[in-house]
Amino acid sequence: MSDQGSSPLTLLGSNISYFTGKMENYLRLKQIPYRLESMQFPAVRKVLERELGVMQMPAIILPDGRYMTDSTKMIEWFETRHPKHPILPPDPLQRFLCHLLEDWADEWWWRPAMHYRWHYAEGARFASYHLATEVMVNHPLPVWFKRRLLVHRQRSGYTTGDGITRANFGAVEADVAALWQQLEATLSQQPFLLGERPSLADVGFAGPFFRHFALDPVPLELLRQQAPAILQWVTRLWNTRLDTVQGEWQPGIPSGVTSLLEHMGRGYLPYLSANVEAVRSGSKRFTVEIDGIRYERARYSRYRVWCLQQLRDHYEALPADAKTDAEPLMKSTGCWEPLWRDRDLPLLEGQEQGLPFRADTKMVGVHDTLLRRNKK
Ligand SMILES: N[C@@H](CCC(=O)N[C@@H](CS)C(=O)NCC(=O)O)C(=O)O
């Protein structure tokens with residue numbers, strides 16, 4: 001049963017944004033009516049900080065006027081209101097796998113996606129023009145100047161300012177290529193990541209792919225050459241409605257997932273642990289070698305400490321027999337040890353407990369004045 005009636009909700013964001021694209025894919029799959037409205041800077045910042053506690057993209061305004069944020073928690077909330085055609089499989093182990101893959105897609109592939117967009121002149125030209133004339137169209141500065149500021153802001157916040165250097169970006173791109181190879185192998189055999197039916201794992205990966213890798217000029221051309229089945233999947237997901245899908249999720253551990261977990265176990269989970277140490281010691285910047293790649297002066301993220309806690313909570317919530325299957329899988333793929341490495345996590349009191357209606361921290365904190373209304 002839906003409590004939204006038929007009036008559309010408002011999805012406030014940008015039509016080139018990672019998490020706006022993720023939410024759109026989810027809302028379309030579920031056929032939850034929405035209207036995409038471009039956020040307007042600088043005015044929106046004040047509103048979102050008041051309504052939600054942070055300014056991040058996207059936000060949703062429900063027909064009753066309430067604001068929401070955080071794609072993961074919004075989806076969880078919508079699933080309870082729209083339980084028909086769930087995005088999560090009934091098998092608890094598969095649900096856990098979905099949560100792992102979604103989190104990895106959200107938090108690890110963000111940085112390479114931003115790198116491909118903002119490092120290359122073609123990407124930066126396209127995205128800076130788009131944003132300057134979309135979400136900043138009402139900002140009083142001239143377009144050329146807004147574009148310059150945007151390129152600087154995104155690079156210093158999310159690419160060179162988040163650990164990417166001249167020395168490591170080739171290796172970061174190789175990490176992306178390795179992911180594409182894995183996904184290409186799976187998606188050449190089956191329409192969705194867990195089989196014949198889209199799941200939360202597909203929605204998660206819509207984040208890096210839909211509005212980034214399959215849109216920005218440099219990675220799009222690479223995808224065309226190296227991974228056409230991924231491009232087909234991007235379009236298929238966008239054009240699928242859950243109520244008409246005939247197929248089922250593959251039983252057991254779907255093919256391809258084990259190698260994805262191995263990748264996650266040598267990259268993202270050790271990174272999460274390094275981030276925990278940085279937050280614990282109050283080091284807002286930390287240098288760390290992950291999967292053979294040295295990230296220089298990456299930003300710490302309080303939000304991602306909470307993400308790690310969420311993954312643990314999902315594991316703990318599994319019924320005993322699912323734990324019996326999950327533990328050896330996590331161990332053999334290298335995910336188990338880093339998942340539990342740090343005993344107590346340095347969370348703030350009650351951190352993120354108000355989501356999706358109230359956020360405490362942003363994914364990666366960017367301190368900027370560019371998008372503020374009054375510079376003092
Ligand atoms: N965990 C959040 C992350 C949202 C997020 O970080 N969105 C980006 C844009 S796609 C953003 O708003 N960044 C904030 C900024 O650039 O200041 C979610 O799942 O919605």
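First listed ligand is number 1; within each ligand, the first listed atom is number 1. All values reported here derive from a predicted model rather than from experimental measurement.
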Note to self: Looking at His152, I'd like to know if its NE2 atom is crowded, meaning that more than 12 non-hydrogen atoms belonging to other residues, nucleotides or ligands lie closer than 6.0 Å.
What the structure shows: no
Note to self: Has Gln154 got a side-chain atom pairing as donor or acceptor with Trp118's backbone, closer than 3.5 angstrom?
What the structure shows: no
Check: Taking the non-hydrogen atoms of Lys73, is any one of them nearer than 4.0 angstrom to ligand 1?
Finding: no
Margin query: What I want to check is whether the side chains of Thr165 and Glu296 have a donor and an acceptor closer together than 3.5 Å.
Written below: no
Next item on the list: Determine, considering heavy atoms only, which of Ser17, Ala113, Gly157 sits nearest to atom 10 (S) of ligand 1.
Entry: Ser17
Next item on the list: Would you check whether Tyr158 has a nitrogen or oxygen atom less than 3.5 angstrom from a nitrogen or oxygen atom of ligand 1?
Entry: yes
Check: Under 4.0 Å from ligand 1, counting heavy atoms only, is it the side chain of Glu352, its backbone, both or neither?
Finding: neither
Next item on the list: Flag yes if more than 12 heavy atoms outside Arg358 fall under 6.0 Å of its CZ atom; otherwise flag no.
Entry: yes
Note to self: Taking a cutoff of less than 4.0 Å between a non-hydrogen atom of the residue and any ligand atom, is Asp106 in contact with ligand 1?
What the structure shows: no
Item checked: Exercise: do Glu134 and Ser14 side chains pair donor with acceptor under 3.5 Å -> yes
Next item on the list: Any chance you could pull the hydrophobic cluster mates of Tyr129, using side-chain heavy atoms under 4.5 angstrom and chaining through other members?
Entry: Val143
Check: Relative to the heavy atoms of Tyr303, which atoms of ligand 1 are at a distance of less than 4.0 Å?
Finding: 1 (N)
Margin query: Below the 3.5 angstrom mark, is there an N/O of Glu107, backbone or side chain, next to an N/O of ligand 1?
Written below: no
Check: Is there at least one pair of N or O atoms, one from Lys362 and one from ligand 1, spaced under 3.5 Å apart?
Finding: yes
Next item on the list: May I ask you to check whether Trp110 has an N/O atom sitting below 3.5 Å from an N/O atom of ligand 1?
Entry: no
Check: Quick one: ring-ring contact (aromatic ring centres under 6.0 Å, His included) partners of Tyr26, sequence neighbours excluded?
Finding: none
Check: Any N or O of Met57 that comes nearer than 3.5 Å to an N or O of ligand 1?
Finding: yes
Next item on the list: Enumerate the atoms of ligand 1 whose separation from the nearest heavy atom of Tyr18 is less than 4.0 angstrom.
Entry: 10 (S)
Item checked: Other residues, nucleotides, ligands: >12 heavy atoms within 6.0 Å of Arg280 CZ -> yes
